[in-house]
Amino acid sequence: MNTSRSAELFEKAKTYFPGGVNSPVRAFRSVGGNPLFIEKGKGSHIWDADGNEYIDYCCSWGPLILGHANDTVLNAVDKTMRKGTSFGAPTKLENELAELILSNNKFIEKLRFVSSGTEAVMSAIRLARGFTKRNKILKFEGCYHGHVDSLLVKAGSGLVTFGNSSSAGVPESFVNETIVVPLHNKQAVEEAFVKFKNEIACIIIEPVPANNGLLLQGKEFLQFLREICTANNTLLIFDEVISGFRLGFCGVAGLYNIKPDIITYGKIIGGGFPVGAYGASKEIMSNISPEGEVYQAGTLSGNPVAMSAGIAQLTELLKPNFYKELEEKTNYLVAGILKVNTFKLFKLFSLGSIYWIAFTDKESVSSADDIDANSMGYFKTLYHGLLQNGVYLGPSGYEVGFVSSAHTKEDLDKTILAFEKSLAHL
Ligand SMILES: *Cc1c(COP(=O)(O)O)cnc(C)c1O
């Protein structure tokens with residue numbers, strides 16, 4: 001496989017950007033080698049700068065649930081952008097996307113559009129603090145919520161801890177407002193509420209954590225969080241930036257019928273454009289400026305081009321059987337890969353159209369501690385084998401794969417064959 005053009009572009013990129021990229025995981029550091037520069041995509045396929053073709057399961061890290069360059073989305077974008085790309089004033093399209101979401105989602109009554117998942121989470125945290133007039137927040141080790149200062153915090157030693165920042169540049173005083181506990185551990189959450197009684201503004205969780213492997217929590221644990229938050233006047237935030245519109249139109253809230261106080265969205269909501277959102281009840285949302293005293297704004301928020309992409313994409317998701325068919329495809333893929341996993345080198349965990357390859361002997365992996373960092377060497381070998389055989393995954397063993405509605409049975413069969421060939425090297 002010739003990848004010389006990608007290599008050349010990467011050398012150039014390194015002179016412009018730290019590590020040659022505009023978001024760290026793209027640099028291929030955890031799988032080694034040079035990142036592929038992508039030239040174009042259509043449906044489930046992408047082509048790199050050297051003309052190599054791949055079946056893509058990264059799907060831009062989740063947003064492209066209809067696949068690349070979907071015609072319906074492109075037509076909507078084309079029509080809108082010719083009328084102007086941004087006004088910094090309200091447009092009808094914001095109403096339309098909000099109506100589409102709110103009329104199909106019983107868990108939130110009002111929302112606010114922003115331009116990324118990080119922004120949605122950052123605003124939701126501020127809202128929770130403003131609403132409860134408390135400062136501390138509780139997060140779980142193994143959940144990712146974007147690059148918000150107070151959430152770039154990892155667990156210290158002990159069950160209930162103030163974490164250590166996982167990035168330079170985050171003041172210790174910020175870190176001291178963030179409590180970090182392990183996933184799927186009721187006792188740790190209970191202890192936190194004892195230790196910090198009446199101090200915790202919110203619990204934030206990815207209800208289906210999918211940024212550090214796929215750490216399935218199950219309904220019961222989430223139900224427990226709902227109850228303990230209610231009992232302590234603490235808000236429950238579901239960060240559904242990855243799971244929203246992916247595990248059903250109403251995400252995990254809808255899947256398990258659990259009502260969080262605030263939900264954050266991103267990724268799929270913008271049809272491939274930079275959009276995020278946070279939503280809650282009318283009462284909670286009335287605290288946001290200009291109605292209330294929690295300030296939050298954005299020059300390009302509700303951008304018409306992005307709104308029209310969102311409308312076009314979400315409209316497709318509401319069609320009958322959309323999610324059922326997507327899940328069936330994923331189940332077919334997972335079963336096929338497991339069949340060629342003759343030596344049982346890995347487990348495949350999946351939910352809806354998300355799957356994760358885990359090199360582990362464990363029957364279930366539900367907390368960050370369950371992941372064996374040493375196993376990532378196997379993923380690396382598998383990864384490059386798959387690339388050679390025309391299959392592109394997100395370049396890290398901690399990342400999940402996404403199936404889109406554009407993946408065909410032929411794609412899935414080719415992928416299974418690619419796994420079979422690649423596993424031979426392991
Ligand atoms: C991707 C993601 C974010 C961050 O969104 P960006 O658009 O990358 O800022 C936050 N939370 C979760 C759960 C995510 O998956």
Side-chain angles (χ1 to χ4, degrees), residues 21-27 57-65 111-128 137-154 166-167 178 180 183 202-217 222 225 236-248 250-255 260 262-279 296 298 300-303 306-307 309-310 313 351-356 368 393-396 398-402:
V21 289
N22 287 298
S23 195
V25 70
R26 295 180 197 172
Y57 293 94
C58 177
C59 297
S60 190
W61 303 100
L64 303 179
I65 195 168
L111 49 69
R112 173 61 67 81
F113 289 120
V114 293
S115 300
S116 71
T118 295
E119 232 188 301
V121 168
M122 182 181 78
S123 311
I125 297 279
R126 186 181 304 137
L127 173 58
I137 60 176
L138 184 147
K139 83 172 285 279
F140 294 89
E141 180 77 1
C143 283
Y144 176 70
H145 302 291
H147 62 95
V148 181
D149 275 339
S150 57
L151 292 166
L152 288 177
V153 179
K154 56 181 190 290
S166 54
S167 163
T178 305
V180 188
L183 278 162
C202 63
I203 288 184
I204 183 163
I205 187 169
E206 283 181 79
V208 169
N211 277 289
N212 188 60
L214 184 65
L215 304 174
L216 298 171
Q217 301 298 293
L222 298 171
L225 294 181
L236 178 61
I237 304 177
F238 275 6
D239 179 0
E240 299 230 40
V241 170
I242 223 168
S243 55
F245 309 102
R246 164 79 46 194
L247 299 173
C250 297
V252 183
L255 184 67
I262 306 176
I263 309 182
T264 57
Y265 297 109
K267 300 199 165 98
I268 289 175
I269 199 175
F273 284 77
V275 182
Y278 60 102
Q296 187 271 307
L300 292 170
S301 294
N303 171 273
M307 292 291 106
Q313 176 149 283
L351 188 65
S353 53
I354 307 177
Y355 68 87
W356 178 49
L393 310 179
S396 160
Y398 290 93
E399 301 291 348
V400 297
F402 301 99

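All values derive from a computational prediction rather than experimental measurement. Order of appearance sets the numbers: ligands from 1, and atoms from 1 within every ligand.
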Looking only at heavy atoms, the pair that brings Y144 and E206 closest together is N-OE2, 2.8 Å

Pair N303-S115, side-chain contact (heavy atoms from CB on, under 4.5 Å): steps then yes or no: CA-CA 8 Å; N303 171 273; S115 300; over 6 Å; no

Carefully, step by step, assess V25 and Y398 under the rule side-chain contact (heavy atoms from CB on, under 4.5 Å). CA-CA 10 Å; V25 70; Y398 290 93; over 6 Å; no

Tell me every residue that passes side-chain contact (heavy atoms from CB on, under 4.5 Å) with L216, counting only those two or more places apart in sequence or in another chain. V208, L214, L351

Proximal protein residues to ligand 1, non-hydrogen atoms under 4.0 angstrom: S116, G117, T118, Y144, H145, G146, E206, N211, D239, V241, I242, K267

Would you call the rings of Y265 and F245 parallel, tilted or perpendicular if under 30° counts as parallel and over 60° as perpendicular? tilted

State, to 0.1 Å, how close S123 and Q296 come at their nearest heavy-atom pair, and which atoms those are. OG-CG, 3.4 Å

